[in-house]
**Q** 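Sending over a structure as structure tokens; questions will come in a sec.
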Amino acid sequence: MKYIEVALNLPLKMSFRYRVPTELAARVKIGSRVLVPFRNRNLKGFVTRERKKGERKLKDVIKLVDDFPAISRPLLRLGEWVSQYYHCSLGQSLHSMLPIQRSLKDKEKKVEGKKISCSGNLAQTSGGSVFLLMAEEPEEKISIFLSLTKDVLARGRQVVLVVPEVSYISSWNKLIQSEYGNCVAILHSRLKDRERYVSWMRMRREEAYFAIGTRCVLFAPFPDLGLIVLEEEENTSYKQREVPRYHAREVAARRGKIEGFPVVLMSQSPSLESWSRANKKEYLPISTRATRKAHPQVEIIDLRQEEDKVLSRSLEEAVKEALKGNELAILFLDRRGFSRYLLCQDCGEVLRCPNCNIGLTFHLKGALSCHYCGHEERSPLVCPYCTGNKLRGKGVGTQQVEKEAKTRFPGALIRRADLDIGPSLAGSALKDEVIKGKIDILIGTKLIIKEEILKEAKVVGIILADNLLNLPDFRAGERLFQLLVKIKRSIKKEGKMLIQTYNPTHYSLRCVRDREEDFYPQEMRAREELHYPPHFHWARVLLEGKVEARVTEASQRISQKLGEKGVEFLGPSPCPFAKIKGRYRYQLIVRDENPSRITGSLKGETGYSSSSTNAVRVSVDVDPQELM
DNA sequence: GGTTGGAAATTA
DNA sequence: AATTTCCAACCA
């Protein structure tokens with residue numbers, strides 16, 4: 001008799017054993033999906049191991065779901081790594097790797113021989129390595145991309161291109177189709193069931209040999225994958241917010257290691273993590289020809305010296321100039337949906353946490369708090385740096401920009417685009433309007449920071465850079481730098497970017513204007529002292545529950561345990577969103593230079609999640625991006 | 001003795 | 001995660 005272990009899509013550490021009825025025995029393999037009885041219902045799960053003996057009476061597998069194993073051996077190994085590193089069950093990680101619920105049917109007799117032959121020729125000098133491609137010019141990036149992929153395809157292997165968001169897919173698809181013909185399969189979460197199924201099957205059958213998609217395309221069922229390329233590797237969308245909370249960059253690298261192929265990260269301004277790894281030769285830089293073309297002018301405007309805190313004189317002049325030449329001007333302001341910060345309009349300083357150096361969150365009752373370590377203080381009446389009395393709560397409602405622009409630039413065609421107007425509308429329709437020149441001044445949030453829109457712009461004004469710089473996030477400076485570099489690289493070469501700020505000497509701004517490469521060593525130094533990544537790995541332990549006392553109690557218990565183990569951690573402190581859907585939320589931040597020590601210290605402290613009506617749910621987010 | 005609400009155990 | 005089991009507190 002044959003027995004198997006099955007991983008179910010439940011937050012349980014254990015797998016369950018079943019007996020395989022004789023008539024199924026030949027077809028049930030490792031990686032197969034099976035339907036099994038569980039409690040009083042039937043669940044689909046993945047076969048993870050085969051066993052000779054069942055030491056007790058086990059239930060029978062009900063049926064085999066698919067005509068073939070849905071998960072290949074290497075992908076099973078990848079799933080095991082994801083579940084270990086990101087603290088979720090194997091069933092949860094495997095479930096997220098297969099975006100299809102229905103049964104997989106295969107009428108044609110697929111040649112299984114090919115898979116075996118591929119494992120022999122994996123040995124390749126670059127197999128398992130990660131490369132970092134920092135191309136200044138988009139044309140150069142594309143030409144390197146094409147030469148790399150051509151090479152892989154010529155050796156009969158397949159290519160995956162991962163992009164941060166769905167909107168990036170169509171232009172890449174056009175490019176790749178025009179180069180290689182109809183060989184592309186597209187995969188992302190917004191596809192309909194049927195489309196996803198067709199795409200997935202085309203990859204498996206090698207009817208397609210090029211896959212483009214968002215995160216989920218990392219698990220493309222190609223039999224002989226030869227290359228994964230990640231576009232805009234610093235993009236924060238690469239971190240999945242739901243379980244399993246994986247980062248596409250890490251998963252790509254791990255798949256490359258398991259299956260022995262190279263991974264290429266592309267970026268105009270890489271994440272500090274990747275820059276640092278490249279510096280340590282963990283990632284290999286791909287050298288580019290130095291074809292730096294003329295850059296647009298960058299001007300930093302000191303708002304402390306300006307009468308008008310919304311539109312400075314220089315920005316007004318620049319916009320007028322653009323209007324005169326019938327060119328597009330963009331005014332960017334990021335609305336911070338939550339949390340405000342306290343800024344001195346005289347000296348430009350911001351109230352920061354003495355322990356963590358992130359902007360303190362300014363609450364309406366006049367309290368200031370740090371959500372990393374839980375530090376709290378009363379908000380002062382005068383600025384502690386210059387004793388001035390112009391401390392102002394900043395962050396929400398910089399909405400007057402549109403009103404201001406209308407009075408300043410009468411007759412101009414002004415368009416405001418943000419989430420209120422609708423994200424779908426802000427997409428292609430807006431792009432069309434921009435290209436046809438139907439807009440003179442475009443006012444918007446991060447939504448409009450798209451290459452297709454920016455490339456039409458002659459002038460871009462950043463209304464208040466401090467909004468981004470003072471986000472309660474240690475990566476705020478890095479994010480601002482990356483955003484500004486992206487704008488600078490995308491707008492017209494003879495254009496101009498004007499940055500309004502109360503902190504004109506900040507290196508995030510200075511480096512955008514003067515020497516971009518100086519940013520990374522400076523930011524590395526800033527992160528070192530406070531044990532921020534990339535020097536240390538972080539994991540967030542999130543506690544949620546309906547009874548606040550229970551949540552704080554549980555967080556105390558965990559912090560005591562961590563203390564006994566001698567692990568370094570911050571908190572517990574209330575999350576930036578302290579209550580969501582009636583659940584109170586607290587967090588602890590565990591940090592260590594070695595990610596496996598973090599995993600070790602958390603083992604046993606938390607289930608993957610335990611839930612009952614009044615209990616506290618504890619979950620772990622390894623290498624978190626935003627702590628909300 | 002019986003009901004009840006919440007925590008703990010169980011699921012193969 | 002979703003139930004079932006366990007157990008102590010409360011009641012008449």
Side-chain angles (χ1 to χ4, degrees), chain A residues 1-25 27-65 71 76 79-80 82-84 86-99 101 240-246 541-558 560-561 580-586 602-621:
Chain A
M1 218 15 133
K2 185 170 169 178
Y3 298 90
I4 53 170
E5 282 192 15
V6 177
L8 300 166
N9 181 25
L10 296 171
L12 303 174
K13 288 194 171 148
M14 54 183 349
S15 58
F16 293 87
R17 295 180 187 180
Y18 292 89
R19 193 174 69 164
V20 185
T22 340
E23 63 271 25
L24 290 177
R27 288 153 59 220
V28 170
K29 295 176 188 142
I30 287 178
S32 296
R33 274 197 301 181
V34 286
L35 189 70
V36 293
F38 190 78
R39 272 287 160 107
N40 49 357
R41 56 203 174 134
N42 298 332
L43 295 177
K44 280 176 196 167
F46 293 91
V47 178
T48 55
R49 295 180 71 174
E50 290 180 358
R51 309 202 144 247
K52 288 272 143 54
K53 280 190 176 157
E55 68 284 0
R56 57 171 167 141
K57 258 182 83 179
L58 296 174
K59 289 190 181 175
D60 274 3
V61 168
I62 296 170
K63 68 165 189 176
L64 189 60
V65 178
I71 297 266
L76 180 61
E80 282 166 351
V82 166
S83 83
Q84 266 181 33
Y86 292 104
H87 291 260
C88 68
S89 74
L90 182 55
Q92 288 174 307
S93 103
L94 294 177
H95 181 79
S96 75
M97 293 169 71
L98 186 76
Q101 285 311 300
Q240 178 145 6
R241 287 158 182 274
E242 312 82 57
V243 174
R245 300 187 165 87
Y246 65 86
V541 181
L542 178 67
L543 300 108
E544 297 169 290
K546 286 185 178 145
V547 185
E548 190 169 20
R550 298 268 162 98
V551 182
T552 49
E553 198 179 287
S555 68
Q556 289 305 327
R557 202 200 68 236
I558 290 181
Q560 199 192 330
K561 283 266 178 66
I580 293 178
K581 287 188 202 157
R583 283 172 186 270
Y584 291 89
R585 309 168 78 242
Y586 280 74
L602 292 175
K603 205 152 263 168
E605 293 312 326
T606 70
Y608 291 131
S609 116
S610 62
S611 124
S612 68
T613 39
N614 272 339
V616 179
R617 187 159 63 199
V618 183
S619 57
V620 181
D621 187 356

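Proteins come first, then strands; the chains are lettered A, B, ... in the order of their sequence lines, and each starts at number 1. Keep in mind that the numbers below use all heavy atoms, side chains included, and drop hydrogens, waters and symmetry copies.
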**Q** Can you identify which nucleotide, out of B:dT11, B:dA12, C:dA2, has its nearest atom closest to the A:Arg41 side chain?
**A**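 The answer is C:dA2.
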**Q** Could you check whether any side-chain N or O of A:Lys59 sits under 3.5 Å from a backbone N or O of A:Pro37, counting only pairs where one atom can act as donor and the other as acceptor?
**A**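 A pair under 3.5 Å: no.
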**Q** Rounded to the nearest 0.5 Å, what's the gap from NZ on A:Lys63 to CZ on A:Arg27? Could you check?
**A**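 If I round to the nearest 0.5 Å, the distance is 11.0 Å.
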**Q** As a test of reading the structure: which of C:dA1, C:dT3, B:dA12 is closest to the side chain of A:Asn40, going by heavy atoms?
**A**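 The listed nucleotide nearest to A:Asn40's side chain is C:dT3.
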**Q** Between atom CG in A:Leu58 and atom C1' in B:dT11, what is the gap in whole Å?
**A**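 After rounding, the gap between these two atoms is 13 Å.
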**Q** When you get a sec, tell me which of C:dA1, B:dA7, B:dA12 is the closest nucleotide to the side chain of A:Arg550?
**A**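 Among C:dA1, B:dA7, B:dA12, the one nearest the side chain of A:Arg550 is B:dA7.
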**Q** Could you check how far CG of A:Leu12 sits from P of B:dA9, rounded to whole Å?
**A**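 From A:Leu12 CG to B:dA9 P: 15 Å.
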**Q** Rounded to the Å, how far apart are A:Asn9 CG and C:dA1 P?
**A**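 It is 10 Å, rounded to the nearest whole Å.
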**Q** Between P on B:dA12 and CZ on A:Arg51, what's the gap in Å once rounded to a whole number?
**A**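 It works out to 17 Å between those atoms.
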**Q** Could you state the CD-P distance from A:Gln92 to C:dA2, rounded to the nearest angstrom?
**A**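 The answer, rounded to whole Å, is 12 Å.
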**Q** Between atom NZ in A:Lys59 and atom P in B:dT11, what is the gap in whole Å?
**A**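 Value for this atom pair: 9 Å.
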**Q** Which part of the nucleic acid does A:Phe38 contact within heavy-atom distance under 4.0 Å: base, sugar-phosphate only, or nothing?
**A**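 It contacts base atoms.
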**Q** Please report the distance, rounded to the nearest Å, between CE in A:Met14 and P in B:dT11.
**A**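 Spelled out: CE on A:Met14 to P on B:dT11 is 8 Å.
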**Q** Keeping A:Ser15 on the side-chain end and A:Ala7 on the backbone end, is there a donor-acceptor pair under 3.5 Å?
**A**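 Side chain of A:Ser15 to backbone of A:Ala7, a donor-acceptor pair under 3.5 Å: no, none is there.
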**Q** Quick check against the 3.5 Å criterion: does A:Lys44 have a side-chain atom that pairs as donor or acceptor with the backbone of A:Gln101?
**A**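 Such a contact is found between A:Lys44 side chain and A:Gln101 backbone.
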**Q** What's the CZ-C1' distance between A:Arg617 and B:dA8, to the nearest Å?
**A**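 Atom-to-atom, A:Arg617 to B:dA8, this comes out as 19 Å.
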